Amino acid sequence: MRCPFCNYAESKVIDSRPTDEGERIRRRRECLSCSKRFTTYEVIETVPLIVVKKDKTREPFDRNKLFNGIMRACEKRPVSLDTIDRILDEIEAKLQNSLDREVTSNLIGEYTMEALKNVDAVAYVRFASVYREFKDINTFMDELQKLLTSK
């Protein structure tokens, strides 16, 4: 970190503490050349994710939209809100950790189905029926067969 007074390239951290409910870190520094003190703030950089939908339109990733879809699939099922939050956190972390800033809605759907399959089979089938747009009972039965053979 360059000193704002003498432009020297090195400084030492004297004090660090979180601010804004842990969203930023305040660091008190001292220049190793002129010994003057200054404050810096460290912020986590978040790059917005863009979702490429099936019709090729693009929109920002919306955690609430995914939450609502999972909630509908888990309606009247023994799946806690903590479990749903954990699923959302895992999916969002996978998306943020990928090198791509644009992700397809298909990828998000696959991640969601993978997570729901491990939590509740009925919620998985409900989500899959909407996500995969089952046209008839045969495609529904094929998905059930896949679920049964994987268990």
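Values reported hereafter were calculated over all heavy atoms of this structure, with side chains retained and with hydrogens, waters and symmetry mates removed. Computed from a prediction, not measured in an experiment: that's the story for all the values here.
Taking the charged nitrogens against the carboxylate oxygens, Arg24 and Glu42 have no contact shorter than 4.0 Å, which rules out a salt bridge. Salt-bridge annotation for Arg86 and Glu90: present, with a side-chain N of the basic residue lying under 4.0 Å from a carboxylate O of the acidic one. Ion pairing between a basic and an acidic side chain is recognised when a charged N comes within 4.0 Å of a carboxylate O; Glu59 and Lys53 show such pairing.
Residue pairs meeting the salt bridge (Lys or Arg N to Asp or Glu O under 4.0 Å) criterion with at least one partner in residues 99-113, sequence neighbours excluded, are Arg58-Glu102, Glu110-Arg132. Counting only residues at least two apart or on different chains, the side-chain hydrogen bond (donor to acceptor under 3.5 Å, both in side chains) pairs with a member in residues 73-82 are Arg77-Asp120, Ser80-Thr83.
Looking only at side-chain heavy atoms (C-beta outward), Leu95 and Leu107 come within less than 4.5 Å of each other. The shortest distance between side-chain heavy atoms of Thr39 and Arg27 does not fall below 4.5 Å. Within the 4.5 Å cutoff, the side chain of Val103 has no heavy atoms near those of the Val52 side chain. Under the 4.5 Å side-chain criterion, counting only non-hydrogen atoms from C-beta, Ile50 is not in contact with Phe61. Inter-residue side-chain proximity for Ile70 and Ile87 is flagged as met; some heavy-atom pair is nearer than 4.5 Å. Between Arg63 and Asn68 there is no side-chain heavy-atom pair separated by less than 4.5 Å.
Cluster annotation: Val119 is connected to Met71 through the hydrophobic network of ILVMFWY side chains, with a link wherever side-chain heavy atoms come within less than 4.5 Å. Under the 4.5 Å side-chain heavy-atom criterion for grouping Ile, Leu, Val, Met, Phe, Trp and Tyr, Ile14 is not connected to Phe38 through any hydrophobic cluster. There is no path of hydrophobic side-chain contacts, each under 4.5 Å, that joins Val122 to Tyr124. At a threshold of 4.5 Å between side-chain heavy atoms, the hydrophobic network of Ile, Leu, Val, Met, Phe, Trp and Tyr places Met1 and Ile25 in two separate groups.
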Pairs under 3.5 angstrom only: tabulate donor-acceptor contacts from the side chains of residues 2-10 to other protein residues two or more places apart or in another chain.
from	atom 1	to	atom 2	distance (Å)
Arg2	NH1	Asn7	O	3.1

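Atom OG of Ser105 and atom CG of Leu66 lie 11.5 Å apart (nearest 0.5 Å). Distance check, rounded to the nearest 0.5 Å: SG of Cys74 to CD1 of Ile84 gives 4.5 Å. Asp62 CG to Ile108 CD1: the interatomic distance, rounded to the nearest 0.5 Å, is 10.0 Å. With rounding to the nearest 0.5 Å, the separation of CD1 in Ile91 from OG1 in Thr112 is 3.5 Å.
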CA sep, side-chain torsions, deciding dist, call: Tyr111, Asn106, side chain to side chain contact (heavy atoms under 4.5 Å, CB included): CA-CA 9 Å; Tyr111 285 161; Asn106 289 341; over 6 Å; no

Working for side chain to side chain contact (heavy atoms under 4.5 Å, CB included), residues Ser35 and Glu30: CA-CA 6 Å; Ser35 298; Glu30 183 177 311; 4.2 Å; yes

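More than 12 heavy atoms of other residues, nucleotides or ligands lie within 6.0 Å of NZ in Lys54, so this atom counts as buried by the packing criterion.
Side chain to side chain, Arg29 and Thr40 meet the donor-acceptor criterion of an N or O pair below 3.5 Å.
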